[in-house]
Amino acid sequence: MVVTRFAPSPTGYLHIGGARTALFCLLMARHNGGKFLLRIEDTDQKRNTPTATQQVMDDLRWLGIIWDEGPDCGGPNGPYKQSERLEIYNRYIQQLIDTGKAYYCFDTTEELQEMREEAQAQKRQFLYRRPETLPTAQEAAQARAEGRDVVVRMIMPDSDIVVNDLVRGEVVFPAGTFSDFVIQKSDGFPTYHLACVVDDELMQVTHIVRGQEHLMNTPSHQVLQDALGFRRPTYAHMSVTVSEGGGKLSKRERSKTLAKAIIDNPALDKASLAAAGELTLEQLEDYLSGNSTPDSPQITAMAEHIGLHLPEINVVDFKAAGYLPEALVNFIALLGWSSPTGQEIMTFDELIKNFDSSRFNKTNSLFDRKKLASFNTEHMKMVSKDKLLGYFKEFLALRDSAMAKFDDNMLAEILRVSEGARTLEDVENKCAFLLISADNMAFDPKAVQKVLLKDSADVILEEVKARFIALADWNKTDLHKVIEDMCTERQLGMGKVAQPIRVAITGTTVSPAIDESLVLLGRAESIKRIAKTIEYVRSVR
RNA sequence: GCCCCCUUCGUCUAGCCAGGUCUAGGACACAGGCUUUUCAUGCCUGCGACACGGGUUCGAAUCCCGUAGGGGGUACCA
């Protein structure tokens, strides 16, 4: 049976790179009728954030990435949170010490730093040199009693290590390049390497799909597996997704973009900016000088404050930008992988069916938001009406949109008349005219120039108004007929009549089809806006 | 610095392992056109790539070597 796992460390929101890794792990499992696990790697007490696990799980679920075993639902090989498995790790660490495969050491940070600098100065790779005679347990206890930091290191062999990788084939790491690495930190927690290897064995993981950044760790993991008599899972090290600016698409991207924008614009009022981000002025300066990084929501708030669009990095960013999970999943599946059929637009089920682990490619890929938008357009058309409505409501709630006040029927109508939109945000924008009132209509200056001041827009609107008032019923067909009749009678193109109406009721040149827009707005408000517009045109002319 | 990985249109990629069928295919973007009451959507056309240099071979995008460029790692992070 194929068993895969996604093992995030709970340091914040799920970012798009993590989502991609999780997706491939899931596809690998589902395609083969296997199991997919979620394991939380919280062995770094300093970096964990308390809400991160919940956030990550929410984001995964939203994407449709559902696990069979995990911290919330349990499973036969739990717990699935590493901080709750300390005794297990301690047993294996002790076993490694007892069999002479690992040893204590108590170098200070300063000593290690010195060794590294020395290696650097000699232009050679830093390798930790273990002492001729290894410290005993008594000596370690003694050192600890004296207040020194004690860690445990794994003895690395002096021979070549070959990693057999599904993506890269055989990768040979030459002898003499391995440093004894730490498996237990001075706070008693295992390092990632130890915990990960032990858990993968105990949880019976068969396939490890992860980013290329872990390729260099694999020799260490294999040494650990051999020393402990564990099976060796199959490895697949995927290419990474890079951002337009170059470099790994990382969580730091947003904070970097914002900091740059603030620094590049010295005219900014920093006091109000800091207030928007709920920071003190000192904290803001600290951030700008690169000494600290505010939390994700604070960064978002500050960017909004100065009207800056940050690149979407976290899954929630894409959600808030109006993308569908289906589109996101489909798109990231095609970053570093291709379907054997050549098909690009795929549902989740099709992705599972078409998944083939031999079709990973080795090259890093750039995240192209334009193509994502195109995929989103496709998926907006593909998902069921009910599903789309659900996503739309979720989107409006997340954004605190005034549009959330509409009932399901109205929202479904808004979605229907916006067919062909690229994102849910586009839908919201296109129908934003429904949320303002006739009294505080603002006209787009370009629309005024192009439409209202040209020809005899006021005369046309005057007639439109009269005919609309005379209408027995306010429906799409009748409204359409009024406009059409006027076009024939006056020998005008549709645009000559429809555009002035559009600007009159929306203030802009962009909205859903004019008859649909009128129906959505309602009779009273439509006529009121047309009347106001006539007044306005005559006042400025 | 050292170690590892990678290099096909602007971008994501197919082809490469098993060399000829590749005047290199698709998708997104871009440009132009058609449809159209605006914006989108839809349809059509166009533009556009084997990083470079050597080798092997009758023949190389495909195999080998080198150069350049990009990425990753180099932690008591994961």
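Letters A, B, ... mirror the listed sequences (proteins, then strands); counts begin at 1.
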For A:Q122, the side chain to side chain donor-acceptor pair (under 3.5 Å) test, sequence neighbours excluded, returns A:R124
Whichever of A:L372 and A:F106 has the more 5' nearest nucleotide on RNA chain B, that residue is A:L372
Using a cut-off of strictly less than 4.0 Å, decide whether A:R124 has a side-chain nitrogen or oxygen near OP1 or OP2 of B:rG1.
no
If pairing means Watson-Crick or G-U wobble with both distances under 3.5 Å, then the partner of B:rC9 is none
Looking at every strand, decide which applies to A:E41 at a 4.0 Å heavy-atom threshold: base, sugar-phosphate, or nothing.
sugar-phosphate
_Hydrogens and angles aside, do A:S357 and A:H207 bring a side-chain donor and acceptor to less than 3.5 Å of each other?_
no
From the candidates B:rG15, B:rU38, B:rC76, the one with an atom nearest any side-chain atom of A:Q499 is B:rU38
(message) Taking any heavy-atom pair under 4.0 Å as a contact, classify A:H214: base, sugar-phosphate, or nothing.
(response) base
Do we see a donor-acceptor contact under 3.5 Å between the side chains of A:R502 and A:Q499? yes
Taking B:rU8, B:rC12, B:rA29 as options, the one with an atom nearest any side-chain atom of A:T363 is B:rU8
Within the pair A:R359 and B:rG15, is there a side-chain N or O less than 4.0 Å away from OP1 or OP2?
-> yes
- Message: Just N and O in the side chain of A:S239: are any of them under 4.0 Å from OP1 or OP2 of B:rG71?
- Response: no
Is there a donor in the side chain of A:D444 and an acceptor in the side chain of A:T508, or the other way round, less than 3.5 Å apart? no
Judged by nearest nucleotide, the residue sitting upstream toward the 5' end of RNA chain B, A:D187 or A:K381, is A:K381
A:D485 meets the salt bridge (charged side-chain N to carboxylate O under 4.0 Å, His left out) criterion, sequence neighbours left out, with A:K481
- Taking only N and O in the side chain of A:R422, is any of them less than 4.0 Å away from OP1 or OP2 of B:rA29? yes
Exercise. Under 3.5 Å, is there a donor-acceptor pair linking the side chains of A:H214 and A:Y192?
Worked result: yes
Exercise for review: Using a cut-off of strictly less than 4.0 Å, decide whether A:S418 has a side-chain nitrogen or oxygen near OP1 or OP2 of B:rA40.
Suggested key: no
>> Using a 4.0 Å heavy-atom cut-off, does A:L215 contact any base of the nucleic acid, only the sugar-phosphate backbone, or nothing at all?
In response: sugar-phosphate
Open item on the list: Between A:F375 and A:F318, is the ring centroid distance below 6.0 Å?
Closed with: no
Per atom distances to the A:E213 side chain, the nearest of B:rC77, B:rG73, B:rU37 is B:rG73
Quick note, A:K430 side chain, CB onward, closest among B:rU38, B:rA78, B:rC39 is B:rC39
Here the residues of residues 330-339 of chain A within 4.0 Å heavy-atom distance, strictly under, of RNA chain B are A:L334, A:L335, A:G336, A:S338
Paired to B:rU67 by Watson-Crick or G-U wobble criteria (both distances under 3.5 Å) is B:rA51
The side chain to side chain donor-acceptor pair (under 3.5 Å) partners of A:E146 (sequence neighbours excluded) come to A:Q142
Using only heavy-atom distances, determine whether the side chains of A:Y391 and A:E326 contain a donor-acceptor pair under 3.5 Å.
yes
Exercise. Reckon A:S374 touches a base, only the sugar-phosphate, or nothing at all at heavy-atom distances under 4.0 Å?
Worked result: sugar-phosphate
Side-chain contact check for A:V510: nearest option of B:rU38, B:rC12, B:rC4 is B:rU38
Show me the side-chain donor-acceptor pairs of residues 512-520 of chain A shorter than 3.5 Å, one per line, residues at least two apart or across chains.
| unit_1 | atom_1 | unit_2 | atom_2 | d |
| --- | --- | --- | --- | --- |
| A:D515 | OD2 | A:H480 | ND1 | 3.1 |
| A:E516 | OE1 | A:R416 | NH2 | 3.0 |
| A:E516 | OE2 | A:R416 | NH1 | 3.2 |
| A:E516 | OE2 | A:K476 | NZ | 3.2 |
| A:S517 | OG | A:S511 | OG | 3.1 |
| A:S517 | OG | A:P512 | O | 2.8 |
| A:S517 | OG | A:A513 | O | 3.0 |

Numerically ordered, the residues 145-171 of chain A set in heavy-atom contact under 4.0 Å with RNA chain B is A:D149, A:V151, A:R153, A:R168, A:V171
